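Each remark here refers to the structure printed beneath this line.
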Amino acid sequence: MRIGIPKEIHPGERRVAGTPKTVKKLIEMGFEVVVEEGAGVAAEHYDDMYAQAGASLTADTKAIWGDSDIVLKVHSPQVHPSLGVHEADLIKEGGCLIGFIWPAQNQDILDKLNARNATVLAMDCVPRISRAQKVDALSAMANAAGYRAVIEAVNVYPRFLTGQSTAAGGIKPAKVLVIGAGVAGLAAIGAAKSLGAIVRAFDTRLEVGDQVRSMGAEFLELDFTEDGSGDGGYAKIMSKEFIDAEMKLFAQQAMEVDIIITTALIPGKPAPLLITAGMVESMREGGVIVDLAAQQGGNCALTKADELVIHKGVRIVGYTDLPSRMAIQTSWLYASTLVNMLDEMGGDENFAIDLENDIVRGALVCHAGKTTWPAPQQQHAKAPVASPDQPSLDTATPAVPSAKEKSKLGGIAAMIIITIALLALGRVAPSEFLSHFTVFVLACFVGWQVVWNVTPALHTPLMSVTNAISGIILIGGMLHLGTQAGADTPTDTLALILGTAAVFLAAINISGGFLVTRRMLSMFHR
């Protein structure tokens with residue numbers, strides 16, 4: 001099968017749907033790849049690099065679309081500026097298109113593609129399930145956008161992000177507020193934190209609080225029981241009471257922080273307004289707002305898409321091409337998800353539209369001349385409920401012990417066997433051995449109980465310090481060496497060697513144990 005990779009015509013777009021590395025992988029999968037000349041130049045992937053990877057090159061845009069079985073794109077089809085023809089009208093009859101389509105906003109494009117009987121997979125509709133992570137192009141681009149948002153904020157922020165002590169006086173670190181702790185938000189938190197800023201974050205989904213804290217940021221919470229977790233990992237629309245409390249929090253934070261990064265967006269809906277003009281005016285001079293929802297209207301009332309607005313000393317960044325500004329990296333990330341999607345569809349040899357494949361079905365928006373979006377909800381099997389005239393499952397089948405009950409019974413049996421073995425040992429072993437053995441068993445039991453009741457996060461430093469404490473062997477070895485001084489017999493010489501080895505190894509154990517403990521505990525300090 002032939003894959004065509006056209007040059008992106010969206011204004012300012014630098015990404016390309018195939019890089020030399022991913023083109024090589026496609027060829028290894030059995031595909032023939034044709035790249036439009038100059039398609040990767042903006043991402044610093046030049047024509048000779050594609051040729052070396054094994055791709056064919058052509059300057060004929062119509063041939064890329066009309067002669068290819070599969071077309072890979074970044075943006076959805078649009079009117080070609082030089083040809084004066086819509087790209088959807090150029091696709092091969094019955095061909096396949098894979099890219100960002102945004103079907104909820106582009107019904108006219110779906111109609112054009114259906115007229116060509118095209119099969120269309122939207123990378124923005126890939127289901128948010130664990131198995132689909134390898135084809136999750138949205139998360140890959142959101143990660144880049146979140147990181148780049150911090151870079152753009154720093155670029156226009158007229159102060160230091162990190163705190164400093166100078167001869168002229170102390171400089172406090174900047175305070176950054178990230179609204180929305182999804183993929184983009186977490187990436188922004190990580191980037192801002194690494195640059196030395198004090199980072200705060202807010203999200204309506206309470207379960208992301210631990211993720212925010214694990215990155216060293218403060219998670220802001222409202223005194224509300226309402227949770228914003230929605231379907232597919234996205235946030236849901238909250239109640240008016242919650243939104244009022246939320247806006248009050250943002251108004252307070254706007255007066256305290258230096259940089260605000262907003263990422264709040266629900267797919268297929270206008271961006272919610274979170275930062276009012278009054279909040280912007282309450283920020284300190286030189287403050288920055290980076291609005292990642294600018295393409296959908298923006299989270300800030302003063303945001304203008306693709307523009308930098310300065311309002312009373314506050315800079316409002318509304319760029320919508322943040323992933324494109326990292327075209328080398330993001331082209332490879334996006335192209336890799338396309339390779340994984342084609343692999344999921346069977347590669348060249350077994351390429352097929354499997355409607356039973358949840359990844360393919362979720363991303364499929366057009367097929368056989370019909371719109372197939374949105375995909376049907378996955379039905380989960382429910383446990384059968386016994387009706388009044390049927391016997392319940394408990395009476396119809398014998399009870400089977402659960403895994404937990406089996407484990408408990410096994411533990412009791414093991415304890416009985418160990419007890420019998422110890423009693424038998426006590427009848428035949430000498431009294432000196434029994435006294436030492438009793439101390440050993442008690443030490444093991446007490447040690448196990450101590451470790452068992454410690455927070456799992458502290459297990460490693462705890463074990464390292466117990467290793468250091470176990471260096472008591474050092475004392476025994478030194479005492480043994482003292483008693484073996486001047487040994488004359490071979491047996492005494494062997495004991496001397498063993499005692500020396502014990503002292504040496506115990507010394508390593510003590511120094512290493514305390515060193516590891518100190519390094520581990522330092523990870524918990526802020």
Side-chain angles (χ1 to χ4, degrees), residues 3-13 15-18 39 64-65 68-80 85-129 132 134-142 145 232 234 265-270 293 295-296 320-321 323-324 330-331 333-342 344-345 351 353-355 357-376:
I3 291 178
I5 302 176
K7 183 178 180 179
E8 295 296 323
I9 59 175
H10 187 79
E13 182 56 67
R15 290 171 294 176
V16 62
I64 284 284
W65 284 88
S68 299
D69 302 296
I70 304 170
V71 176
L72 304 182
K73 265 186 65 63
V74 178
H75 278 277
S76 57
Q78 52 192 280
V79 177
H80 199 286
V85 181
H86 201 286
E87 288 177 313
D89 296 328
L90 297 175
I91 195 168
K92 180 180 180 180
E93 181 76 23
C96 179
L97 172 65
I98 306 178
F100 286 123
I101 306 298
W102 307 107
Q105 306 163 28
N106 295 313
Q107 183 59 50
D108 57 331
I109 295 177
L110 298 186
D111 294 338
K112 289 179 179 293
L113 292 167
N114 282 329
R116 300 293 296 171
N117 202 33
T119 295
V120 183
L121 285 93
M123 296 303 290
D124 47 281
C125 293
V126 170
R128 308 300 288 272
I129 56 177
K134 62 181 180 179
V135 293
D136 191 353
L138 275 182
S139 292
M141 297 302 101
Y234 295 104
L265 190 62
I266 299 175
K269 299 181 182 295
Q295 194 165 19
Q296 294 298 104
T320 62
D321 63 343
S324 183
T330 52
S331 292
L333 288 170
Y334 177 65
S336 295
T337 63
L338 294 178
V339 171
N340 293 333
M341 176 63 82
L342 289 168
E344 186 72 24
M345 299 173 72
F351 184 84
I353 305 299
D354 183 6
L355 299 181
N357 185 317
D358 49 357
I359 295 178
V360 175
R361 182 62 190 91
L364 191 67
V365 296
C366 290
H367 184 55
K370 297 180 180 179
T371 298
T372 58
W373 178 87

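Everything numeric here is computed off the predicted structure, so don't read it as measured data. We use all heavy atoms of the structure for the numbers below, so side chains are in, but hydrogens, waters and symmetry mates are not.
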Check: [Y] main-chain N/O paired with [X] side-chain donor or acceptor under 3.5 Å:
| X | Y | result |
| --- | --- | --- |
| Thr372 | Leu364 | yes |
| Ser324 | Glu13 | no |
| Asn114 | Leu110 | yes |

Can you confirm whether [X] sits close enough to [Y] that some side-chain heavy atom of one is under 4.5 Å from a side-chain heavy atom of the other?
| X | Y | answer |
| --- | --- | --- |
| Arg116 | Cys366 | no |
| Glu87 | Ile9 | yes |
| Val126 | Met341 | yes |
| Leu113 | Val365 | no |
| Ile70 | Phe351 | yes |
| Val74 | Ser331 | no |
| Asp354 | Glu344 | no |
| Leu90 | Val71 | no |

- [ ] Please assess Met345 against Ile353 for the test side-chain contact (heavy atoms from CB on, under 4.5 Å), listing each intermediate value before the final yes or no.
- [x] CA-CA 7 Å; Met345 299 173 72; Ile353 305 299; 3.3 Å; yes
Is atom [atom1] of [X] surrounded by more than 12 heavy atoms (other residues, nucleotides or ligands) closer than 6.0 Å?
| X | atom1 | answer |
| --- | --- | --- |
| Lys92 | NZ | yes |
| Lys134 | NZ | yes |
| Gln78 | CD | yes |

**Q.** Ile5 to Ala39 - nearest heavy-atom pair and separation
**A.**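 Closest approach of Ile5 to Ala39: O-CB, 4.2 Å.
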For Cys96 and Leu121, what are the C-alpha separation, side-chain angles and deciding distance, and is it a side-chain contact (heavy atoms from CB on, under 4.5 Å)? CA-CA 8 Å; Cys96 179; Leu121 285 93; 4.0 Å; yes
What is the distance from atom NE2 of His367 to atom OG1 of Thr119, rounded to the nearest 0.5 Å?
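Here the rounded value is 5.0 Å.
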**Study point:** Check against side-chain contact (heavy atoms from CB on, under 4.5 Å), Ile3 and Leu72
**Key:** CA-CA 7 Å; Ile3 291 178; Leu72 304 182; 3.7 Å; yes
Among residues two or more places apart or on two chains, list those pairs meeting side chain to side chain donor-acceptor pair (under 3.5 Å) that have a residue in residues 93-110.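 Sorted result for residues 93-110: Gln107-Asp111.
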